[in-house]
Amino acid sequence: MTLFFSLVSYELRITMRQAFSWVTPLVFFIIVICLFPLSIGTHSALLSEIAPGMIWVTALLAVLISIGSLFRTEDEEGSLSLLLLSPYPLSVLVFAKIASYWLTHCLPLICVTPLLGFMLHLPALQVLVLCLTLLLGTPALCLLGAIGAALLVGIRGNGLLLPILIMPLYIPILIFGTSAVLAASQEQPLSAYFAIMGAFTFMSVAMAPILTAVALRMGVSQ
Amino acid sequence: MSRNNTLLFQGVSYALASGQVLSVRGANGIGKSTLLRILAGFIEPQQGSVSYDNQVIFQDVAAYQHGIHYLGHDNGVRQYLTVYENLTFYAVLNDRVLSTSQCNEVIQRVGLWAFRDTQALCLSAGQLRRLSLAKLLLRPAPFWILDEPTTALDDQGQQILADLINQQLQQNGMVVMATHQDIALTSKPNVLRLGS
Amino acid sequence: MWDWLKQNGLSPKSFYRTSGLCLPWLTVLFLGCAGFGLIDGLYIAPADYQQGDGFRIMYVHVPSAFAAMAVYFAMAICAVLTLVWRVKLAAVCMSCSAPIGASFTFLALVTGSIWGKPMWGTWWIWDARLTSVLILFFLYMGFIALQSILAEQHYRDRACALIALVGVINLPIIHYSVIWWNTLHQGPSISQLAKPAIAPSMLYPLLAMIAAFFLFYLSVLFMRMRNQILLREKHTHWVREVVLS
Amino acid sequence: MNWIYMGGYGAYVWGAYGLTLVVFVMNYLIVKREKKQIQKRMNRFIQSKDHE
């Protein structure tokens, strides 16, 4: 486990030094959320009804635009062969990389969500449930996105291909995330929603690093 | 072996004994790097096989790759880490416990002591090459695969490289290099010419 | 046994020969099934008591949705063969069946919305099955996009195989989450598009049409694969003879 | 003639079947065109190989 934490600390140090790389999804998230009231109007009942969907879709898009370059720094540096030659299984190294990506890119989003939730006149309980579903759902987004990023690591100009490739896989997370908040607004029990989202997240925790490792090994042998 | 359906080379076979150097020569684009990547186990050859102490490497690529050093054309150095951090990162990645004194000694050996705490981003190509050479010292490996190690190295750098290779040969290790310039080595290197 | 199969049975050369032999048979069978299905479905089968003749669109919509799903699973099986046992023919089969599957999915979507217009007055209904067919269409688009952007042949086969596998693992999850989502938002409306328990006289044309779709898929797939094999094996001698003859 | 009108749903039914026909014929034509192109390319490729 010490390997995992030391790898994550190195990755955090690297992303912190490229300040711009983890700020973009956060700013994108805030700006797009602010666009909605400007475009849809500030009728509070309407806003609070569609707020969960907006926040979830924008979080999903924020992850999609930034996860494409998850392995780009390695690819340009040529340090992918470093990861491949290490005695540790590649999926552990990749999992550490995705975990550090989640800490730097998705956690700030979740911390900002309460602020945006209140801006959209969302009641406190729903904001809490929204944050919990984001906390549970965004790791799965990053993990599935990492598979696509690993497949496209060597290809120039792959900007728009990743969303098409990975978007269908995000649909169950989006459905359960938004409907959990809807259920919270109708005071229904939420355990079922969190159970299903947790199951999906842990399935992708088990599946995605291995598939990403396979994709990276294929990519390097290109 | 072919690279996106253009035939690179055929019928290359060579047996290298330990304690020897093989220098692969050939014009640019003839497939030297591809051959080295096949030796490193990154690419599977379309015909034929690579065996290391008479066991085909693709049976268990991971185990084989633990025992080798592969210095690629683009030196695998993390740009945003400093020289010291790069070496400790490499050590962590390869399960080596490295004390700061050992690390400093390696940095001095490679002559980057003045740049110990500067990010690799600000180093010149030659210095980056030396940093990737420093990685060879961190972990003893019987088999080295160096892809044009002399690029961007000045005289002092080439001297360091020659010392490293001589030391490796004394310890009965093997080295395969793809180079254009000759390096002053104690033992005469065998030459494999591609595309003759 | 497996190595023998890989050498002879699944080698591109023997496939090229055998597919050449059975292609005419496939087209004849397809025309037979399609003919029977069309005549029976359009003319002989009684009109539905509730939807009148409009339900005859089912004979096109249900088989194409079914075939689209089946083709994706066939691609997933070829993906496993490509990744695990490195069968070159499976990679060719997978990359050739993607466009056909995508055309079936597009057909299923449009006929579904055409069927929805007379029945519910709107061109698009967020029905559970129709929505999962829509998502299946996105999966196909992702596969074809990835296939067209990758240049190097060997890597392209394995990368597309991986994305097909990831897609097929998530397909049931997507399908059931969409059905669950549908009951949440629309209430338990009886989905007209599900296969209703239908009288045998209506069932036979449906089975004939499903068979027709599969036979069409096989014949076009074999033709596509033969083209791809010629391209991929252009260095070999047997391709020279085939092309020159 | 009632068969054409399909009890008032004629446009939809024939529209759907027409589209099916179009999709099937398109699939077939694309493959045929591809076969012609490949035949041409292979001939050129083999001639170029013979010159070497």
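The basis for the numbers below is simple: all heavy atoms, side chains too, and nothing from hydrogens, waters or symmetry mates. Note that the coordinates shown come from a computational prediction; the quantities given were computed from them, not determined experimentally. Order of the sequence lines fixes the chain letters, A, B, ..., with proteins taken first and strands second; residue numbering starts at 1 for each chain.
Between D:Phe24 and C:Phe213, the distance separating the two ring centers is shorter than 6.0 angstrom.
Annotation: side chain of C:Leu42 is in contact with side chain of D:Val13 (closest heavy-atom distance under 4.5 Å).
When all heavy atoms of D:Met42 and C:Leu230 are compared, the pair lying nearest together is CE-O, 3.7 Å. In terms of heavy atoms, D:Gly15 sits closest to C:Ile114 at C-CD1, 4.4 Å. C:Arg56 approaches D:Tyr17 most closely through the heavy-atom pair O-OH, 2.8 Å.
Counting heavy-atom pairs under 4.5 Å between each of C:Val220, C:Val242, C:Leu244, C:Leu231 and chain D puts C:Leu231 at the top. When each of C:Ile100, C:Val243, C:Thr111, C:Val239 is scored by its heavy-atom pairs under 4.5 Å with chain D, the top score falls to C:Val243. By number of non-hydrogen pairs under 4.5 angstrom with chain C, the leading residue of D:Lys35, D:Met26, D:Lys49 is D:Lys35.
The CE atom of C:Met223 sits 11.5 Å away from atom CD1 of D:Ile30, with the distance rounded to the nearest 0.5 Å. From C:Lys234, atom NZ reaches atom CD1 of D:Ile38 across 10.0 Å, with rounding to the nearest 0.5 Å.
Interface residue C:Phe30: only side-chain heavy atoms are found under 4.5 Å from chain D. D:Leu19 touches chain C through backbone and side chain together, each having a heavy atom under 4.5 Å away.
Considering D:Glu34, D:Lys32, D:Gln39 as possible partners of C:Asn227, the one that fulfils the side chain to side chain donor-acceptor pair (under 3.5 Å) test is D:Glu34.
Other residues, nucleotides and ligands contribute more than 12 heavy atoms inside 6.0 Å of the CZ atom of C:Phe36. In this structure, C:Trp25 places its CH2 atom where only 12 or fewer heavy-atom neighbours from other residues, nucleotides or ligands lie under 6.0 Å away.
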Inset, instruction - Step by step, work out the side-chain contact (heavy atoms from CB on, under 4.5 Å) result for C:His235 and D:Phe45. - result: CA-CA 10 Å; C:His235 290 294; D:Phe45 173 77; 4.0 Å; yes
